[in-house]
Undergrad: 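Sharing a structure, written as structure tokens. Questions coming.
Hydrogens, waters and symmetry mates are skipped; everything else that's a heavy atom, side chains included, is used. Remember, predicted model here, so these are calculated numbers, not experimental data. As the structure lists them, so they are numbered: ligands from 1, and atoms in each ligand from 1.
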Amino acid sequence: MKGLIQWYLVLSFLLLSLNFKVDCSLSSFSSNSSLKVFIISKNNLVGEIPSSICNLMSISILDLSNNKLSGTIPDCLASRGKMPNLTVLDLHMNKFHGNIPDSFVVGNKLQILNLNNNDFDGPFPKSLQNCHDLQVLNLGNNKINDTFPHWLGTLPQLQVLVLRSNYFHGQISPSEHESHFSALRILDVSHNEFSGFLPTTYFKSFEGMMNLSNVQTKSMEDFNFYYHFSVRVTVKGLDIELERILTLFTTIDMSSNKFQGKIPEIVGDLVSLQVLNFSHNSLTGHIPSSLGNLTALESLDLSTNKLVGQIPMQLIGLIFLEVLNLSQNQLVGLIPQGNQFNTFLNDSYRGNLGLCGFPVSKSCGKDEGQEPPESAFHEEGIYSCPLDWKFVMMGYGCGLVLGLSTGYIMLTIGKPEWLVRMVQRLGYKILRRLKSYN
Ligand SMILES: *[C@@H]1O[C@H](CO)[C@@H](O)[C@H](O)[C@H]1NC(C)=O
Ligand SMILES: *[C@@H]1O[C@H](CO)[C@@H](O)[C@H](O)[C@H]1NC(C)=O
Ligand SMILES: *[C@@H]1O[C@H](CO)[C@@H](O)[C@H](O)[C@H]1NC(C)=O
Ligand SMILES: *[C@@H]1O[C@H](CO)[C@@H](O)[C@H](O)[C@H]1NC(C)=O
Ligand SMILES: *[C@@H]1O[C@H](CO)[C@@H](O)[C@H](O)[C@H]1NC(C)=O
Ligand SMILES: *[C@@H]1O[C@H](CO)[C@@H](O)[C@H](O)[C@H]1NC(C)=O
Ligand SMILES: *[C@@H]1O[C@H](CO)[C@@H](O)[C@H](O)[C@H]1NC(C)=O
Ligand SMILES: *[C@@H]1O[C@H](CO)[C@@H](O)[C@H](O)[C@H]1NC(C)=O
């Protein structure tokens, strides 16, 4: 058994680092094992998880992601006390189906649960509220049909909640007396069928998005140094995979649902927010001027709604804003001029017939009291104003670069010595063997 397990570890390490691919399937785990880390991601494995996997009683990190595994997942993975030390369960990018086991017991140690991109259906597992240490919950891209799991709001460490592309429906409304997601930094509920008003009460309680230092969470350093936590989100119009940048990235994506009513003023309090996407809903009313307080914002998408009125001048204060999309609304009046607004093209405003001024071709009447905008761009615009230009540059990826380097720092200080030595030894052995084949 020991031999088999080590073989798997090596396989994973090698395949990850040298990018080989093999097709094989999981064989059985015959007896109790003291294995703590089991990572076999990205190996094109097929077949089902043998129920004997429940023998891995000491397992702490189980990562079977990015394979072609199918079938249902054994109940013991949801911990029914059988894997009391499981902290990471990552099955994303496979073909598992059926219900997600609903047997998480009180006192379990699960911190990361990633089931993204499978075919899970049925209801949301309510027992997840027993996962007191849960930091990351990613159930995106499945077929879960349920209402919003407001009871997760009590989980004190929950930083990432991804429910995108499922069949969630109904209103997102908190229960009265619970605390509400105070550590959350990444909320992605896009591409569902949520309806009703935007959840003002939640926006008031997202303390993690108001001031990142508000959130005192356990560090992720105790994770294996080559378990790469990642989450796929839409940033600036691109679907990207963020790896290990949990602590610095904040986003709210509620796009492509059926939300209605106004954008609450209170959103302007989430001053650590970097990405906000409310597009493809039925939001009405004005754009609140408080959004001008979101000084960390890099991407704002309010397109395809029913917003009216003017674009608030306060948005000029968003000096890191790199992507703006207000198209397909009913906005009117002068487009704000200056700072980042000098950099947006007219696609950002398409489908708002009442907007005028740079960069759309319709100029504003004397009433609006502005210069013809083209000259503003060429003479007083970004070319002649170094300060503005600097802001433009900083807007490009500043947050991401910072995030990534932090990730790597964590990586270098976070890996357990024994594992480094073991992997190095195995690596050398294998390299020697490969050489002797040539
Ligand atoms: C596995 O360990 C548990 C307790 O640690 C014990 O009760 C059980 O008999 C063991 N099973 C085998 C097959 O060794
Ligand atoms: C879980 O971890 C604790 C503390 O590290 C250890 O004492 C215990 O034996 C572990 N349980 C299993 C089943 O390995
Ligand atoms: C979700 O479940 C409800 C019943 O609980 C059903 O009426 C509805 O059709 C389901 N939606 C989808 C998309 O499967
Ligand atoms: C965030 O909180 C820390 C400590 O709690 C404080 O020092 C800092 O000034 C706060 N930042 C903002 C922008 O409020
Ligand atoms: C906002 O979400 C929509 C889909 O829900 C997506 O197409 C768009 O690219 C996102 N906007 C940005 C700026 O990422
Ligand atoms: C946020 O914006 C509103 C409206 O623009 C303003 O009244 C308020 O003072 C701002 N709050 C902070 C903390 O800057
Ligand atoms: C803005 O959003 C619309 C859909 O809401 C999309 O068609 C368009 O490509 C987006 N424009 C930019 C510049 O991102
Ligand atoms: C958008 O800008 C392009 C040139 O950059 C121009 O040809 C086009 O007419 C503009 N469209 C509108 C609606 O202003």
Undergrad: Within the structure provided, determine whether Leu302 and Ile263 are in side-chain contact (heavy-atom separation under 4.5 Å).
TA: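 Sidechains of Ile263 and Leu302: in contact.
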Undergrad: Less than 4.5 Å apart, any side-chain heavy atom of Phe168 and any of Asn257?
TA: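 No, every pair of side-chain atoms sits at 4.5 Å or beyond.
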Undergrad: So, for Phe124 and Leu152, which heavy atoms are closest and what is the spacing to 0.1 Å?
TA: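 Closest heavy-atom pair between Phe124 and Leu152: CZ-CD1, 3.5 Å.
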Undergrad: Could you check ligand 7 for N or O atoms lying under 3.5 Å from protein N or O atoms and list the pairs with distances?
TA:
unit_1, atom_1, unit_2, atom_2, d
ligand 7, 2 (O), Ser303, OG, 3.2
ligand 7, 2 (O), Asn325, OD1, 3.4
ligand 7, 2 (O), Asn325, ND2, 2.3
ligand 7, 2 (O), Ser327, OG, 3.4
ligand 7, 5 (O), His280, NE2, 3.3
ligand 7, 5 (O), Ser303, OG, 2.7
ligand 7, 5 (O), Thr304, OG1, 2.5
ligand 7, 11 (N), Asn325, ND2, 2.9
ligand 7, 14 (O), Asn325, ND2, 3.2

Undergrad: Would you say Phe206 and Ile252 make side-chain contact, with heavy atoms under 4.5 Å?
TA: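 In short, these two side chains touch, coming nearer than 4.5 Å.
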Undergrad: Before signing off on this row, confirm whether Ser190 and ligand 5 have an N or O atom pair separated by under 3.5 Å.
TA: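 Among all N and O atoms of Ser190, none is under 3.5 Å from an N or O of ligand 5.
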Undergrad: For ligand 3, which is the ligand I care about here, please tell me if His169 has any N or O atom under 3.5 Å from one of the ligand's N or O atoms.
TA: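 So ligand 3 has no N or O lying under 3.5 Å from an N or O of His169.
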Undergrad: Between Asp269 and Lys204, is any pair of side-chain heavy atoms under 4.5 Å apart?
TA: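 No, every pair of side-chain atoms sits at 4.5 Å or beyond.
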Undergrad: Determine whether the aromatic ring centres of Tyr202 and Phe181 lie less than 6.0 Å apart.
TA: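 Centroid distance Tyr202-Phe181: below 6.0 Å, so yes.
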Undergrad: Identify the heavy atoms of Leu297 and Leu318 that sit nearest to each other, and give their distance.
TA: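 So the minimum-distance heavy-atom pair works out to CD2-CD1, 4.3 Å.
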